[in-house]
Every structure is written in C-alpha cells, then in structure tokens.
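A short worksheet on the structure shown next.
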Amino acid sequence: MKIGIIGAGNIGATLANLFIKAGHAVAISNSRGPSSLKDLVKALGDNAIALSVNDAAAFGEMVILAVPWRKFEALPDPVLLKDKIVVDAMNPYKEGGGLIDLGDSTSSEETAKHLPGANIVKAFNTIWFKHLAESGRSDLPLKERRAIFIAGDNVECKAKVSHLIEEIGFAAIDTGNLHDGGKLQEPQSELYNKEITCEEAHALLKN
Ligand SMILES: NC(=O)c1ccc[n+]([C@@H]2O[C@H](COP(=O)([O-])OP(=O)(O)OC[C@H]3O[C@@H](n4cnc5c(N)ncnc54)[C@H](OP(=O)(O)O)[C@@H]3O)[C@@H](O)[C@H]2O)c1
C-alpha cells in the first residue's frame, strides 16, 4: 500500500519505519519541506520519499496525521483526502502542555470537521512513540500482542487500519465509533498509554 504521512516527528517517523519494514511505500512530509527530510528518507530506505504535505496526501491510499492537533493549518487540502482512510494519531494538547477542553466533542471529531469526506479512524494516539517503535511482536499470536486502540464510524476502514496494525506486530482493539470510542481513547482515559495485551484490553473494555 502507498501511505502518506503528515508529520515527520516522533510518531510520523516511527510509523514510517514500521510501515516500510512491513513492505509498504511511504511518502513523509513536515512543515519545513522535503529537503529537510533527506537524512530521514535515506535512513528509511528505498521505499520512502519526502514530499510536501499536499503531495504526501495525494500519494497515500491511506494518510496518517501526525502533527500537533491544534495546528489545523498543517492539514492537507481536504479535497486530496476525500474518500480516503485518514488515520488521526493526534492528541489535543495545548502549546507547552495541558489539554484543550473540547466539551462533549473529541479531537478526532474536530479533525473530521476540517476534512469533510475523509474516512477518519483514530489510531496510534494512545501509544508512546518509543513503545510503538519497540513493542511490536509479529511472532506472537494476536491475543498476546500489545494492544493499539482504534475508533471510527466506518467498519471497513477500521478493518484496513486493523490489518496494518497487525502487520507491524500489534493487535488492534476497536473501541467503537468516533465519538464514543474516541472518548475512550483521549488523553487521561483509562486506555491512554496503557501497556496491555489484546486479551487484557478486551477484558478492560468489557468492564
Ligand atoms: N510523541 C508521542 O509519543 C505521541 C504518541 C501518540 C500520539 N502523539 C501525537 O502525534 C502528534 C505528533 O506528535 P510528535 O510527538 O510526533 O510531534 P513532533 O515530534 O513534535 O513532530 C511534529 C511534526 O509535525 C510537523 N508539523 C508541525 N507543524 C506543521 C505544519 N504546519 N505543517 C506540516 N507539518 C507540521 C513537524 O514538522 P517540522 O519539524 O518541520 O515543523 C514535525 O514533523 C501529536 O498530535 C501528538 O499528540 C504523539
């Protein structure tokens, strides 16, 4: 699959590496432009290219959002994401720390308002990038792998993201739709940054 990644920091670069190891092609982008990503792309290998934000969005059959959530100006032109699976890995932190109060809404529902027509799946937001880099275990059966939580309104899109999560050595746990599941995945929730297996995650969600 061709995957576009918006953001080349802790989460964007870590996912790029994992996706490439799983056999996918990645276009990665940041605010400073492709020339600033030469070293990263070289380290990632032949299946990686650096592009502008909009070109990375156009490249991807699936697109990952891994920029500071509050910076909506960092998002690609919504037209380029229409009907695509867009994975929102972002969390609603203020500049300098602390959470932005979203009332009854969730960060991914707010992201979706900026990207009409995109199929938003909230994933990778609950796992610290170092755990993401190091905890994948493709050799283990799914129930013993570390859980990565996903939420979204489209079942088929969630299935594709779940498959990708499994390819990089984790197990995907569906928390529900973008609103209810999204709430369960927000920072300070019981699932956030929780180092648990798939089996433990299912038990936790049943309670
Ligand atoms: N760190 C984690 O462990 C972790 C875990 C789960 C989720 N998250 C979430 O993932 C997101 C990224 O976190 P991070 O830790 O990876 O941040 P980071 O290391 O600071 O990287 C942020 C990336 O966003 C890019 N960016 C910023 N403004 C931009 C703009 N206007 N246009 C294009 N790109 C822009 C930056 O590019 P430049 O460097 O060129 O400005 C950089 O590549 C956040 O929403 C965070 O809450 C983080």
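For ligands, and for the atoms within them, numbers begin at 1 and follow the listed sequence.
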**Request:** Mind checking ring pair (Phe, Tyr, Trp, His ring centres under 6.0 Å) for F72 and listing every partner two or more places apart, or none if nothing turns up?
**Result:** W69, H114
Which of the numbered atoms in ligand 1 are under 4.0 angstrom from any heavy atom belonging to [X]?
| X | result |
| --- | --- |
| W69 | 45 (O) |
| W128 | 3 (O) |
| A89 | 7 (C), 8 (N), 9 (C), 10 (O) |
| P68 | 24 (O), 27 (C), 45 (O) |
| F129 | 1 (N), 2 (C), 3 (O) |
| N125 | 6 (C), 7 (C) |
| V53 | 33 (C) |
| I127 | 5 (C), 6 (C) |

Decide whether an N or O pair under 3.5 Å exists between [X] and ligand 1.
| X | answer |
| --- | --- |
| N10 | yes |
| N30 | yes |
| G9 | yes |
| F124 | no |

If you measure from [atom1] on [X] to [atom2] on [Y], what distance do you get to the nearest 0.5 Å?
| X | Y | atom1 | atom2 | answer |
| --- | --- | --- | --- | --- |
| H179 | L184 | NE2 | CG | 10.0 Å |
| K94 | I100 | NZ | CD1 | 7.5 Å |
| W128 | I11 | CH2 | CD1 | 11.0 Å |
| H163 | I168 | NE2 | CD1 | 11.5 Å |
| F129 | H131 | CZ | NE2 | 10.0 Å |
| E190 | L205 | CD | CG | 8.5 Å |

Which residue and atom name correspond to the protein heavy atom nearest [atom], and how close is it?
| atom | value |
| --- | --- |
| atom 11 (C) of ligand 1 | V67 O, 3.4 Å |
| atom 43 (O) of ligand 1 | A8 N, 2.7 Å |
| atom 34 (N) of ligand 1 | S31 N, 3.2 Å |
| atom 31 (N) of ligand 1 | A74 CB, 3.3 Å |
| atom 39 (O) of ligand 1 | R32 NH2, 2.9 Å |
| atom 12 (C) of ligand 1 | A66 O, 3.4 Å |
| atom 46 (C) of ligand 1 | N91 N, 4.1 Å |
| atom 28 (N) of ligand 1 | K71 CD, 3.6 Å |

Show me the side-chain donor-acceptor pairs of residues 50-61 shorter than 3.5 Å, one per line, residues at least two apart or across chains.
| unit_1 | atom_1 | unit_2 | atom_2 | d |
| --- | --- | --- | --- | --- |
| S52 | OG | D55 | N | 3.1 |
| S52 | OG | D55 | OD2 | 3.3 |
| N54 | OD1 | D77 | N | 2.8 |
| E61 | OE2 | K2 | N | 2.8 |

**Message:** Is atom 20 (O) of ligand 1 near the protein, in the sense that some protein heavy atom lies at less than 4.0 Å from it?
**Reply:** no
**Request:** Check whether any protein heavy atom sits under 4.0 Å from atom 8 (N) of ligand 1.
**Result:** yes
**Asked** Passes side chain to side chain contact (heavy atoms under 4.5 Å, CB included), M90 versus R70? Steps please.
**Response** CA-CA 9 Å; M90 306 182 291; R70 62 187 177 276; over 6 Å; no
**Criterion side chain to side chain contact (heavy atoms under 4.5 Å, CB included) on R32 and L37, from CA distance to verdict** = CA-CA 8 Å; R32 286 165 292 149; L37 292 168; 5.7 Å; no
**Prompt:** Which is it for I148 and I173 under the side chain to side chain contact (heavy atoms under 4.5 Å, CB included) test, yes or no, and what are the steps along the way?
**Reply:** CA-CA 6 Å; I148 289 188; I173 308 293; over 6 Å; no
**Item:** Under 3.5 Å donor-acceptor, E144 side chain and T197 backbone
**Value:** no
**Message:** Among N91, N125, T126, D88, which residue satisfies the side-chain hydrogen bond (donor to acceptor under 3.5 Å, both in side chains) criterion with Q185?
**Reply:** N125
**Asked** What are the two closest non-hydrogen atoms of L40 and A8, and how far apart are they?
**Response** CD2-CB, 4.1 Å
**Request:** Heavy-atom distances under 4.0 Å are what count here, so tell me which part of I11 touches ligand 1: side chain, backbone, both or neither.
**Result:** both
